[in-house]
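Below is one structure, written out as structure tokens, with a few remarks after it.
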Amino acid sequence: MIYTRQEHIQFLEEELRAQTEEFRRKLNTKAVFLLQEKGELFVAKFFTFSSNGEMILKFPNTRSLPRKGDYLYCFTVPKELRDYRNWGNMTYGDLLKRHNNHSESIVCVWQAKDKTDDRYSIVAFRGVDLEFARNIAPAQFIDADSGNKNSPAVAMINSIERKDGMFLLLGPDKPPYEYLANLQKTVSAGHFESVNKILDQDFRQSDWQPALLDSKTNILNFILNQLNRFSDNLILIGPPGTGKTYLVAQICEQLCRQENSVLVTALTNRALIEVADKPPLKQMLEEGKIHKTKLSTNEAEEVDNLQPVTEITVMPGHLVLSTFYFSSEMAAGTSGEGHSFDYVIVDEASQAFLSTLAMSKILGKKTVWVGDAKQLAPIIMLNGDRITSKRWNLLSDGFLAVTEYGTDPLYQLTESYRLPERATRYTGCFYKNTLKSKIESPTYFGYPGMYPDFVKFFNPAGGPTLIKTDLPVGETAPRSAIMIAERLVAALLKADKKPHIAVLTKRIATVKALQKEIYSSAGNHRNLLIETVDRVQGLTTDVTIYVIPNTGYYHSLEKRLFNVATSRAKGHTLIIADKDILRFAKVSEEVNNYIRRLDEEFSFYIPEGDVILLKNK
């Protein structure tokens, strides 16, 4: 299949239009309605920045709070607009036009009751832009080195509180308009030979299998040798827990030591910080040779000596970290074939459009694409039926296109440092059973101190458990499943050493029901995450509880989403589903084999009437 440039442009144009229309609806909605009725706009009092860079705000309990994991646009407005009673008929768009300072894509990370005033809740946010933080809390931020303007600011102790009633507004985050527009420019420019090679190729399904890499091979030297001698592009497939981020850090360190200029680009800031924080880059950090665009307060605290930059700059021997969003701006502004960086590494490549991968060829002479096409594809706003009818699936799912339909050599890591041996056997079904666990055996995966009635659900060897119950058809918030999840969480929180727990599901309605039940009974713990699977790719946790309602199995059991949901845990994955889950669900061969095998090997049935008998004592 060959895509014309017009097809590329049309796909990006329609995706841009879909995102624009959704956001325009919110812009044109009365701000008071979004605040009081929809719970999509918030007014909060600034409290402080904590020592780890988190921004702490106070919210009144009379209105809804931001949901954990929500990404929001935070901004200041003139003093007279800080009181919502002065908004009148102003829309959200009207407020944005009057804003002063702002920080995009800040994320809610935890909530707690205000112990000093029960009328309020305390909510923490990460990802706050450093310059925004300096503007709203100048007393808390000092230059770490006054002689170096690029040195990041550091937060002072969290005992400083503003007393002047500084209020902030938080609302729906803006879509990445510029990113999509920049990709259109990349596609429209036909004078880049390296870009043409990617966009204009004939995509055909092939049986091309990746070369398997394990610890018997010096993987780092092998990859560097391939780049130096044989190829200007290398594709690396990294299944769950195979250490691909650590390997990326090793590659960056070696290339920079050879005085190469290196750019690592990824969809999320979180992925970039994961690279920067890996041990192979510790010395480069100390030398001030790692730079990041849009450095946030918590990132500056999390990774010492990470240097902020306002634009992407080529520096031999230095590493630059930048999201797809900011990297696309540089690519769109490049007019000739003169490549900027010696090497560009695309991390989270499974989250890239095909045009994103093509963009990386403008930015670097040689490229490395690192990802996993067996994990989630990019989230898009376009209707799935539209994608299917126009055959645009390879345009939206770039890493799938180049790994299963392309012609470049592929390499796959095969050893998981996250999953225990039993879990690896199950996850391996998505990778033709090529995975092996590097967890030393025998290892006991238990939680001493946990409620005794729940010990049986946790296999001593770790890995998955299937818990079946009776779930009504079509119910997105099934009571039995939610109660089982709540009691499993309570049992784990009783353990002597509390594990990190992720409660996952596909549907937002199910997430909200789980949050309401679990937070009200167990409280809001920092080591507890309740979220949709779409938002946790890259997450590593101790225990995953995956709740599958008896509705929309096509989505909950879609093989890539199911793979993500069931491969996050270092210890145990507990799947809660209806007892007849495979009787009516049409699923892929991989998911079918996974669940049937688990049903036979380690599963439990709890009738709906017996759920209440599960004891948390």
Side-chain angles (χ1 to χ4, degrees), residues 1-20 22 174-190 192 194-203 233 235-237 263-269 271-272 322-334 344-364 367-384 386-406 408 534 537-538 560:
M1 180 188 302
I2 298 177
Y3 291 101
T4 66
R5 291 303 173 93
Q6 185 55 43
E7 286 179 297
H8 280 279
I9 293 171
Q10 186 180 357
F11 160 68
L12 292 169
E13 180 64 35
E14 290 196 21
E15 173 62 15
L16 179 60
R17 188 182 305 125
Q19 294 192 14
T20 301
E22 173 65 17
K174 295 193 300 184
Y177 299 136
E178 292 86 351
Y179 171 47
L180 294 172
N182 289 333
L183 291 181
Q184 285 182 306
K185 293 179 182 178
T186 297
V187 168
S188 299
F192 291 101
S194 56
V195 171
N196 298 342
K197 182 180 177 181
I198 296 169
L199 298 181
D200 299 336
Q201 65 182 292
D202 188 358
F203 292 100
N233 187 57
I235 303 174
L236 182 64
I237 301 169
L263 169 69
V264 173
T265 185
L267 176 68
T268 65
N269 286 293
L272 299 174
S322 182
T323 60
F324 291 166
Y325 183 95
F326 287 97
S327 298
S328 70
E329 184 177 348
M330 181 180 182
T334 302
V344 171
I345 300 175
V346 179
D347 197 13
E348 286 191 338
S350 56
Q351 295 296 299
F353 296 144
L354 184 61
S355 50
T356 309
L357 298 178
M359 171 194 80
S360 70
K361 300 301 294 184
I362 297 177
L363 298 174
T367 51
V368 181
W369 299 336
V370 184
D372 182 5
K374 306 297 184 183
Q375 303 262 309
L376 288 174
I379 297 175
I380 59 174
M381 294 293 293
L382 264 178
N383 182 279
R386 178 65 172 168
I387 294 289
T388 301
S389 67
K390 299 294 290 187
R391 300 185 303 169
W392 285 346
N393 60 305
L394 299 185
L395 299 182
S396 64
D397 199 345
F399 200 65
L400 177 71
V402 299
T403 54
E404 296 194 14
Y405 296 82
D408 284 333
D534 309 76
Q537 185 155 287
R560 293 167 74 168

For this session: Just jot down the side-chain hydrogen bond (donor to acceptor under 3.5 Å, both in side chains) partners of Glu348, sequence neighbours excluded, or say none.
Result: Thr268
For this session: Using side-chain contact (heavy atoms from CB on, under 4.5 Å) as the criterion, list what pairs up with Ser322, not counting sequence neighbours.
Result: Leu263, Thr293, Ile312, Phe326, Ser327
Problem set entry | Gln537 side chain to Leu376 backbone, donor-acceptor under 3.5 Å | yes
For this session: Go through the side-chain N and O atoms of Tyr179 and Thr356 and say whether any donor and acceptor fall under 3.5 Å apart.
Result: yes
Seminar exercise, completed: Taken in chain and number order and not counting sequence neighbours, the residues that satisfy salt bridge (charged side-chain N to carboxylate O under 4.0 Å, His left out) with Asp408 are none
Seminar exercise, completed: Sequence neighbours excluded, the answer for side-chain contact (heavy atoms from CB on, under 4.5 Å) partners of Lys174 is Phe23, Tyr73, Glu104
Exercise. If every non-hydrogen atom of Leu382 is compared with every non-hydrogen atom of Glu15, which pair is closest and at what distance?
Worked result: N-OE1, 3.0 Å
Problem set entry | Nearest non-hydrogen partners of Ala266 and Ala271, listed with the distance | CB-CB, 3.9 Å
Exercise. How far does OG1 of Thr367 sit from CD1 of Ile198, to the nearest 0.5 angstrom?
Worked result: 6.5 Å
For this session: Would you mind reporting whether Thr186 and Ser355 have side-chain heavy atoms less than 4.5 Å apart?
Result: no
Seminar exercise, completed: Looking only at heavy atoms, the pair that brings Glu7 and Thr4 closest together is OE1-N, 2.9 Å
Seminar exercise, completed: Residues at least two apart in sequence or cross-chain that pass salt bridge (charged side-chain N to carboxylate O under 4.0 Å, His left out) with Asp397, listed by chain then number, are Arg560
Problem set entry | side-chain hydrogen bond (donor to acceptor under 3.5 Å, both in side chains) partners for Asp200, two or more places apart | Arg5
Exercise. When the ring centroid of Phe353 is compared with that of Phe11, is the distance short of 6.0 Å?
Worked result: yes
For this session: Answer yes or no: is there a side-chain heavy-atom contact under 4.5 Å between Met381 and Pro175?
Result: no
Problem set entry | Lys185: partners by salt bridge (charged side-chain N to carboxylate O under 4.0 Å, His left out), with sequence neighbours left out | none
Exercise. Got a sec, which residues hit salt bridge (charged side-chain N to carboxylate O under 4.0 Å, His left out) with Glu329, two or more places apart in sequence or on another chain?
Worked result: none
For this session: Check for a donor-acceptor pair, side chain of Asp202 on one end and backbone N or O of Met1 on the other, with a separation under 3.5 Å.
Result: yes
Exercise. What residues form a side-chain contact (heavy atoms from CB on, under 4.5 Å) with Ser188, not counting sequence neighbours?
Worked result: Ile9
Problem set entry | Non-hydrogen atoms of Gln19 and Pro176 that approach each other most closely | OE1-CD, 3.1 Å
For this session: Could you verify whether a donor N or O on one side chain and an acceptor N or O on the other, from Gln10 and Glu14, lie under 3.5 Å apart?
Result: yes
For this session: Working to the nearest 0.5 Å, report the span between OG1 of Thr403 and CD1 of Ile237.
Result: 5.5 Å
Problem set entry | Test item: Leu354 and Phe203 side chains (from C-beta on) under 4.5 Å apart, heavy atoms | yes
Would you tabulate the side-chain donor-acceptor contacts of residues 388-395 under 3.5 Å, counting partners in other chains and residues two or more places apart, or write 'none'?
residue, atom, partner, partner atom, Å
Thr388, OG1, Gly384, O, 3.0
Ser389, OG, Asp385, O, 3.2
Ser389, OG, Arg386, O, 3.0

Exercise. Got a sec, which residues hit side-chain contact (heavy atoms from CB on, under 4.5 Å) with Ala349, two or more places apart in sequence or on another chain?
Worked result: Val346, Leu357, Trp369, Phe399
For this session: Begin with the C-alpha distance, continue with both residues' side-chain angles, and end with the deciding distance and a verdict on side chain to side chain contact (heavy atoms under 4.5 Å, CB included) for Thr265 and Leu363.
Result: CA-CA 10 Å; Thr265 185; Leu363 298 174; 5.6 Å; no
Problem set entry | By side-chain hydrogen bond (donor to acceptor under 3.5 Å, both in side chains) - contacts of Tyr177 (at least two apart) | none
Problem set entry | Min side-chain heavy-atom separation Asp347-Leu272 under 4.5 Å | no
